[in-house]
Amino acid sequence: MAVKLNPPQREAVSYVATPLLVLAGAGSGKTGVITHKIAHLIREVGYKPTQIAAVTFTNKAAMEMRDRVRKILPGGESRGLQISTFHTLGLNILRKELKAIGLKSNFSLLDSTDSFGVLADVMRQFTGADTDRVKQAQWQISKWKNDGLDPAQAQSYAEDEIQLVQAESYARYERQIHAYNAVDFDDLIVKPVKIFREHAEVLERWQNKLRYVLVDEYQDTNEVQYQLVKQLVGPRQALTVVGDDDQSIYTWRGARPDNLRKLGEDFPRLKVIKLEQNYRSAGNILSAANGLIANNAHLFEKRLWSEMGPGDSIRVVPCRDEIHEAERVVSEIISHRYRTNSSYTDYAILYRGNHQSRLFEKALREQRVPYVLSGGTSFFDRAEVKDLMAYLRLMANVDDDSAFLRIINTPRREIGAQTLEQLGEYAKQRNCSLLVACHEMGLQEFVSARTLPRLREFALWVSRMSERMARGDVLSAVRDMLHDIDYQVWLTEQSKDEKAAEKRWANVMELVGWLEKLCEPTEQNKDLQDAVSHMSLMSILERQDAKENEDSLSLMTLHAAKGLEFPHVFIIGMEEEILPHRTSIDEGNIEEERRLAYVGITRAQRTLTLSFASKRKRFGETITCEPSRFLEELPEAVVKWETARNNGPRSEESKQHGQAQLAHLRGLLGALAK
DNA sequence: TGGGGTGATATTTTT
DNA sequence: TATCACCCCA
């Protein structure tokens, strides 16, 4: 971003008279506006840092914002400032106000895998529970929650038999996790909203505490998130939101770009400022983006412009089939990199669906091009991480049956399914959690004499550990805990080879490291429960970035690319039924697909290449593909269609020839470099 | 309890 | 076609 602010940016920073909506086009320096505004609020307007809350959607965005604010406000000037994701904000509220909804102070936070497990259990009891059905129900329940509907409301809104069953599952699921003294991710927003709605005095306290609210990526807010914002802002109406309706690509998971329009209704004195100067992309790229998005209906007219030169034309590359597309794009990147003396980190290959990465990975590996694939299994989905998290959760909250079940036999304690069933039956009868049930005398009526001591031993051990951790001795207790369960040995047994085992153990140690950081007696002294909840909310992106000192190309979905920028961008699979995606065509939801293409295009700084294949194998059979309609929507003047040359099926011979040439070229360049 | 064979099934994903 | 979940058998 420009160091000096342009006039609309300056206005957005200093405007505090009424609520403000900043319509920030792609690459218009919106993060700079938010961070400068925070500094302005503190330095010029006189807010204390603790009175300001800035909300983002991802940890990454929150982290970046924190870093940049710290640069503007060095020293302790920004101390106490609340810059966090919606979910972390919700967690903080919930932690302080949990009594209002009958949660105990040590509640667990279930991630989506955990909540899937709970839901599957619940559904098994009264309806089918095959993976698909549960997944669908989970999705629907999340949607209902994000729309602010409770089980009863969901039931009355249910449109068909399936949804009725899902609504019933929702009700039972809620009861179940409440019994576990747990909440899920969605609850982190839903519960605070509920508390605020039902307890005016609590809300008032928070309104007095947080006197200015800023929201980033506002077009991505869903119904409950907007409710939360409205509640917090209250009558004071000290609010700035930044958003771009053209970059709304998450409506399928409940985001409501319509919240932009509602803002004008809910805050009649709303001021709107547009940021239209783009600092990222060359002129032709911007023209392409503008031309494309002009085909969408708009709430607010907005036209990006740039002081940069036009740059290269947008290249459209037709390919014979998907294999050639991959080979061609990869070899073009290799030669372009040599020609322009760029590094691989300057390149990104973007696509609509994850599966599209496969052929490109193959081509990249063959050519020895290092790459990073974003969107693989996340750190928190790894078995060893889940295990350790479950241990910690159980230590923090003995009622967390979902954690109990995960670890009771990990590592092996020879407690089988039958025993657990008996234990569950007893616990149900006694209306207590599984761990508590293990301690009770009555249990011996239910469980065989052989397994009973095992359960007792385990429960006793957990209780002892749990007490130790509660006393504040978290870290040494965790180390002892890992030692007690011989976890490293277990991992080695479980892993294919030594290397895998080492890596998994390293993940465990990393998690412990994070715990260490969170338990440090710095600003807020966190207890175990707090540390564990916060850990589930953290993303591992930080780690990947740090690891990423290798010069590698980026491979990711268009969704994942949002918020990023690259000098050279390749968008592949520009075909009908891919982008726009088939289901979106069927549902008539072309506009969101167009926005997705728009997001992709506006990631590019200097060059943009769009490729498509005329034939493609799908589900075993070869089909003919149409170029995407979006290609035709680009202004002709800035687009250069390449010929289909080089596209015939390459013989083995010519392939070898090509590689020999490449090797030759490499040699030459290597010599030149010296 | 884990591995291999078989049959269904093919978006986007953060917290 | 390729993967993944599930089931059955050792």
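Proteins come first, then strands; the chains are lettered A, B, ... in the order of their sequence lines, and each starts at number 1. Computed from a prediction, not measured in an experiment: that's the story for all the values here.
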Round to a whole Å and report the spacing from [atom1] of [X] to [atom2] of [N].
{"X": "A/L188", "N": "B/dT15", "atom1": "CG", "atom2": "P", "answer": "12 Å"}
{"X": "A/N222", "N": "B/dT13", "atom1": "CG", "atom2": "C1'", "answer": "13 Å"}
{"X": "A/R133", "N": "C/dA5", "atom1": "CZ", "atom2": "P", "answer": "18 Å"}
{"X": "A/N589", "N": "B/dT11", "atom1": "CG", "atom2": "P", "answer": "17 Å"}
{"X": "A/Q356", "N": "B/dA10", "atom1": "CD", "atom2": "P", "answer": "17 Å"}
{"X": "A/M556", "N": "B/dT14", "atom1": "CE", "atom2": "C1'", "answer": "15 Å"}
{"X": "A/L91", "N": "B/dT15", "atom1": "CG", "atom2": "P", "answer": "14 Å"}
{"X": "A/R616", "N": "C/dT1", "atom1": "CZ", "atom2": "C1'", "answer": "14 Å"}

Taking the [atom1] atom of each, how far is [N] from [M], in whole Å?
{"N": "B/dT11", "M": "C/dC4", "atom1": "P", "result": "12 Å"}
{"N": "B/dT14", "M": "C/dT3", "atom1": "C1'", "result": "25 Å"}
{"N": "C/dT1", "M": "B/dT12", "atom1": "C1'", "result": "22 Å"}

Touch check for [X], heavy atoms < 4.0 angstrom, all strands: base, sugar-phosphate only, or nothing?
{"X": "A/S584", "value": "base"}
{"X": "A/T85", "value": "sugar-phosphate"}
{"X": "A/E593", "value": "base"}

Going by centres under 5.5 angstrom and planes under 30 degrees, do the aromatic ring of A/W252 and the base ring of B/dT12 stack?
yes
Near-parallel close stack of A/H581 and B/dT11 base (under 5.5 Å, under 30°)
yes
Whether A/N397 side chain and A/Y180 backbone form a donor-acceptor pair below 3.5 Å
yes
Is a side-chain N or O of A/D400 found less than 3.5 angstrom from the main chain of A/A403, in a donor-acceptor match?
yes
More than 12 foreign heavy atoms under 6.0 Å from CZ of A/R365: is that the case here?
yes
If you count the non-hydrogen atoms of other residues, nucleotides and ligands that lie under 6.0 Å from CD1 in A/I585, is the total more than 12?
yes
Parallel, tilted or perpendicular, judged at 30° and 60°: which one describes the rings of A/Y487 and A/W505?
tilted
Taking the six-membered ring for Trp, are A/Y250 and A/H559 parallel (under 30°), tilted (30 to 60°) or perpendicular (over 60°)?
tilted
Where the chi angle of B/dT11 falls, syn if within 90° of 0 and anti if not:
syn
Nearest of [options] to any side-chain atom of [X]?
{"X": "A/F185", "options": "B/dT11, B/dT15, B/dT13", "value": "B/dT15"}
{"X": "A/R358", "options": "B/dT11, B/dT15, C/dT3", "value": "C/dT3"}
{"X": "A/R352", "options": "B/dT12, B/dT13, B/dT15", "value": "B/dT12"}
{"X": "A/H559", "options": "C/dT3, B/dT12, B/dT15", "value": "B/dT12"}

Determine whether the aromatic ring centres of residues A/W514 and A/H534 are separated by less than 6.0 angstrom.
no
Taking only N/O atoms, report every protein-nucleotides 7-9 of chain B pair under 3.5 Å with atom names and distance.
none

Please name all residues satisfying side chain to side chain contact (heavy atoms under 4.5 Å, CB included) with A/D258, sequence neighbours left out, ordered by chain then number.
A/R261, A/K262
Are OP1 or OP2 of B/dT11 and a side-chain N or O of A/N354 less than 4.0 angstrom apart?
no
